[in-house]
Amino acid sequence: MKDELPEPDAFDQFRPLLFTIAYEILGSAADTEDVLQDSFLRWLDADQDAVEHPRAYLVQIVTRQALNQLRTVRRRREEYVGNWLPEPIRTEHDASHDVLLAESVSMAMLLVLETLGPTERAVFLLSEVFGHSLVEIAAMIGKTDAAVRQIAHRAREHVQARRKRFQPDAEANQAIITRFLLAARTGEVQTLMDVLAPDVVQISDGGGRVIVAGRPITGAEPVAKFLIGLARNSMADMTVEFGSFNALPALLFRSGTDGQLDTVLMIEIDGDRITGLYAVRNPDKLRGTDVLRPLDRDI
């Protein structure tokens with residue numbers, strides 16, 4: 001673990017780590033900021049001189065608060081209109097320097113984590129991503145060592161059965177996305193299909209606020225036709241810029257009239273084919289997209 005700084009700088013020092021933990025548990029930057037604010041107030045109220053290991057103390061506070069928040073928001077997500085996607089966060093363009101960290105915040109992994117229960121999700125992340133021992137995790141979440149071992153085993157098997165291969169390659173990805181964008185704009189179905197994997201999945205999140213495809217679209221030809229239709233109609237007058245969100249290459253579509261952000265399209269690539277397209281259009285999830293989020297595993 002990294003050296004710990006003396007208080008009162010500890011919270012700021014570990015903030016990237018604390019944000020990363022809470023965001024991966026919650027899948028929402030807005031909810032994560034609420035958790036961090038509450039955790040910071042709890043930190044201020046603590047007898048900091050008596051805290052021997054600030055990092056462990058803060059991770060425990062944030063983990064418990066994030067779990068409480070997740071149990072609350074999961075009920076809201078059950079009533080969500082249409083497809084639910086995690087709130088996208090802007091990351092560094094070269095976010096692949098830590099492949100495990102990059103994978104853990106990717107859309108595909110966050111969607112897998114959504115299929116776990118709150119405690120399973122926290123145990124998996126703290127163990128597999130952030131390197132905590134099961135004994136440490138048991139103390140953090142208030143469960144026995146034996147119970148945490150069982151939870152960790154069950155969660156690991158669940159994730160491994162659904163995990164996608166994650167091999168970021170910024171240079172290769174840029175070329176693939178350029179071909180993808182050109183094919184969509186020119187309306188060449190076959191050319192677009194050539195850059196899509198046969199089992200590609202396109203998921204759109206409008207939150208009931210804007211019109212999107214109501215269900216995931218699967219398969220190269222259906223996805224290609226859907227995207228070409230979008231390019232011809234609703235996105236015909238939009239400007240496009242490249243970005244990086246959730247450690248994935250992304251396209252940002254803005255209104256040609258006022259420059260307002262309409263869509264963040266995150267693109268998942270395996271080899272030379274696009275395997276996943278995640279389009280977030282819910283305005284509530286686009287409010288913090290200009291904020292660059294430093295991420296850290298603090299190993």
(request) Answer yes or no: is there a side-chain heavy-atom contact under 4.5 Å between Tyr23 and Asp31? (result) no
(message) Parallel, tilted or perpendicular: which one describes the rings of Phe40 and Phe11, with boundaries at 30° and 60°?
(response) perpendicular
(request) Say whether, by atom type as modelled, one donor and one acceptor occur between the side chain of Ser204 and the main chain of Ala279 under 3.5 angstrom. (result) no
(message) Please determine whether residues Leu100 and Met107 belong to a single hydrophobic cluster, defined as Ile, Leu, Val, Met, Phe, Trp and Tyr linked transitively by side-chain heavy-atom distances below 4.5 Å.
(response) no
(request) Would you check if the side chain of Arg76 reaches a backbone N or O of Thr72 as a donor-acceptor pair within less than 3.5 Å? (result) no
(message) Is the shortest side-chain heavy-atom distance between Val148 and Ile141 below 4.5 Å?
(response) yes
(request) Taking only Lys NZ, Arg NE, NH1 and NH2, and the carboxylate oxygens of Asp or Glu, determine whether Lys143 and Glu136 approach each other closer than 4.0 Å. (result) no
(message) Rounded to the nearest 0.5 Å, what separates atom OG1 in Thr32 from atom CD in Gln37?
(response) 13.5 Å
(request) Take His132 and Ser127, measure what side-chain hydrogen bond (donor to acceptor under 3.5 Å, both in side chains) needs, and give me the verdict at the end. (result) CA-CA 5 Å; His132 287 277; Ser127 172; over 6 Å; no
(request) Supply the atom-to-atom distance Leu295 CG to Thr20 OG1, rounded to the nearest 0.5 angstrom. (result) 4.0 Å
(message) Within the structure provided, determine whether Val159 and Leu116 are in side-chain contact (heavy-atom separation under 4.5 Å).
(response) yes
(request) Could you tell me whether the side chain of Val201 reaches within less than 4.5 Å of the side chain of Thr275, counting heavy atoms only? (result) no
(message) Could you check whether atom CD of Glu188 has more than 12 heavy atoms from other residues, nucleotides or ligands sitting under 6.0 Å from it?
(response) yes
(message) Go through it in stages, so that I can follow the logic: the residues are Phe245 and Tyr278, the test is side chain to side chain contact (heavy atoms under 4.5 Å, CB included), and I'd like the CA-CA distance, side-chain angles, deciding distance and then a yes or no.
(response) CA-CA 11 Å; Phe245 283 78; Tyr278 306 97; over 6 Å; no
(message) If hydrophobic clusters are built from ILVMFWY residues whose side chains come within less than 4.5 Å, do Val99 and Phe124 share one?
(response) yes
(message) Quick check: is Leu126 connected to Val112 through a chain of hydrophobic side chains (ILVMFWY, heavy atoms under 4.5 Å apart)?
(response) yes
(request) Write down the atom of Leu111, the atom of Trp84, and the distance for their closest heavy-atom approach. (result) CD2-O, 3.9 Å
(request) Taking atom CZ of Arg42 as the centre, report whether more than 12 heavy atoms of other residues, nucleotides or ligands fall under 6.0 Å from it. (result) no
(request) In sequence, state the C-alpha distance, the side-chain angles, and the governing distance for Arg149 and His153, and then conclude on side-chain hydrogen bond (donor to acceptor under 3.5 Å, both in side chains). (result) CA-CA 6 Å; Arg149 279 196 299 272; His153 177 73; over 6 Å; no
(request) Start with the C-alpha gap between Val35 and Leu26, add the side-chain angles, then the distance that decides, and say whether side chain to side chain contact (heavy atoms under 4.5 Å, CB included) holds. (result) CA-CA 10 Å; Val35 163; Leu26 291 163; 3.8 Å; yes
(request) Locate the shortest heavy-atom distance separating Ile177 from Pro249; write the atom from each residue and the value. (result) CD1-CB, 3.2 Å
(message) Which heavy atom of Leu286 sits nearest to which heavy atom of Val280, and what is that distance?
(response) CD2-O, 3.7 Å
(message) Tell me if a side-chain donor or acceptor on Ser39 pairs with a main-chain N or O of Leu36 at a distance below 3.5 Å.
(response) no
(request) Identify the residue among Arg297, Arg121, Arg156 that makes a salt bridge (charged side-chain N to carboxylate O under 4.0 Å, His left out) with Glu128. (result) Arg156
(message) Could you check whether any side-chain N or O of Ser244 sits under 3.5 Å from a backbone N or O of Glu92, counting only pairs where one atom can act as donor and the other as acceptor?
(response) yes
(message) Among Arg281, Arg77, Lys285, exactly one meets salt bridge (charged side-chain N to carboxylate O under 4.0 Å, His left out) together with Asp205. Which residue is that?
(response) Lys285
(request) Quick one: pull up CG in Asp9 and CZ in Phe14 and give me the separation to the nearest 0.5 Å. (result) 10.5 Å
(message) Please check: side-chain N/O of Arg254 versus main-chain N/O of Thr239, any donor-acceptor pairing under 3.5 Å?
(response) no
(message) When you group the ILVMFWY residues by side-chain heavy-atom contacts below 4.5 Å and let the links chain together, are Leu292 and Leu248 in the same group?
(response) no
(message) According to a hydrophobic-cluster definition based on side-chain heavy atoms being under 4.5 Å apart (Ile, Leu, Val, Met, Phe, Trp, Tyr only), do Leu182 and Val240 belong together?
(response) no
(request) Kindly indicate whether the side chain of Leu134, heavy atoms from C-beta on, has any atom under 4.5 Å from the side chain of Ile137. (result) yes
(request) State whether the side chain of Thr63 and the backbone N or O of Gln60 hold a donor-acceptor pair below 3.5 Å, judged by distance alone. (result) no
(message) Nearest 0.5 angstrom please: Leu101 CG to Thr91 OG1, how far?
(response) 9.5 Å
(message) Quick check against the 3.5 Å criterion: does Glu241 have a side-chain atom that pairs as donor or acceptor with the backbone of Leu251?
(response) no
(request) Of all the heavy-atom pairs spanning Asn246 and Glu87, show the shortest one and how long it is. (result) OD1-O, 4.3 Å
(message) Could you tell me if the side chain of Lys164 sits less than 4.5 Å from the side chain of Glu268, heavy atoms only?
(response) yes
(message) For Leu265 and Ile267: C-alpha separation, side-chain torsions, deciding distance, then whether side chain to side chain contact (heavy atoms under 4.5 Å, CB included) applies.
(response) CA-CA 6 Å; Leu265 177 64; Ile267 303 173; 4.3 Å; yes
(message) For Asp270, is there an ion pair with Arg273 - N to carboxylate O distance below 4.0 angstrom?
(response) no
(request) Would you mind reporting whether Leu192 and Thr186 have side-chain heavy atoms less than 4.5 Å apart? (result) no
(request) For the residue pair Leu67 and Arg71, establish whether any side-chain heavy-atom pair is separated by less than 4.5 Å. (result) yes
(request) Compare every heavy atom of Leu196 with every heavy atom of Ala220, then report the nearest pair and how far apart it is. (result) O-CD1, 3.6 Å
(request) Mind checking the CE-CD spacing from Met238 to Gln260? Nearest 0.5 Å is all I need. (result) 9.5 Å
(request) Kindly give the heavy-atom pair with the smallest separation between Val200 and Gly276, and that separation in Å. (result) CG2-N, 4.1 Å
(request) May I ask you to check whether Ser255 and Asp258 show a side-chain donor-acceptor distance below 3.5 Å? (result) yes
(message) Under a 4.0 Å threshold between the charged nitrogen and the carboxylate oxygen, would Glu221 count as salt-bridged to Lys225?
(response) yes
(message) I need the Thr119 OG1 to Arg154 CZ distance, nearest 0.5 Å.
(response) 9.5 Å
(request) Take Leu252 and Leu261 through the side chain to side chain contact (heavy atoms under 4.5 Å, CB included) test and state the conclusion after the steps. (result) CA-CA 7 Å; Leu252 286 75; Leu261 183 62; 3.9 Å; yes
(request) Give a yes or no answer on whether the side chain of Glu120 reaches the backbone of Gly117 with a donor-acceptor pair at less than 3.5 Å. (result) yes
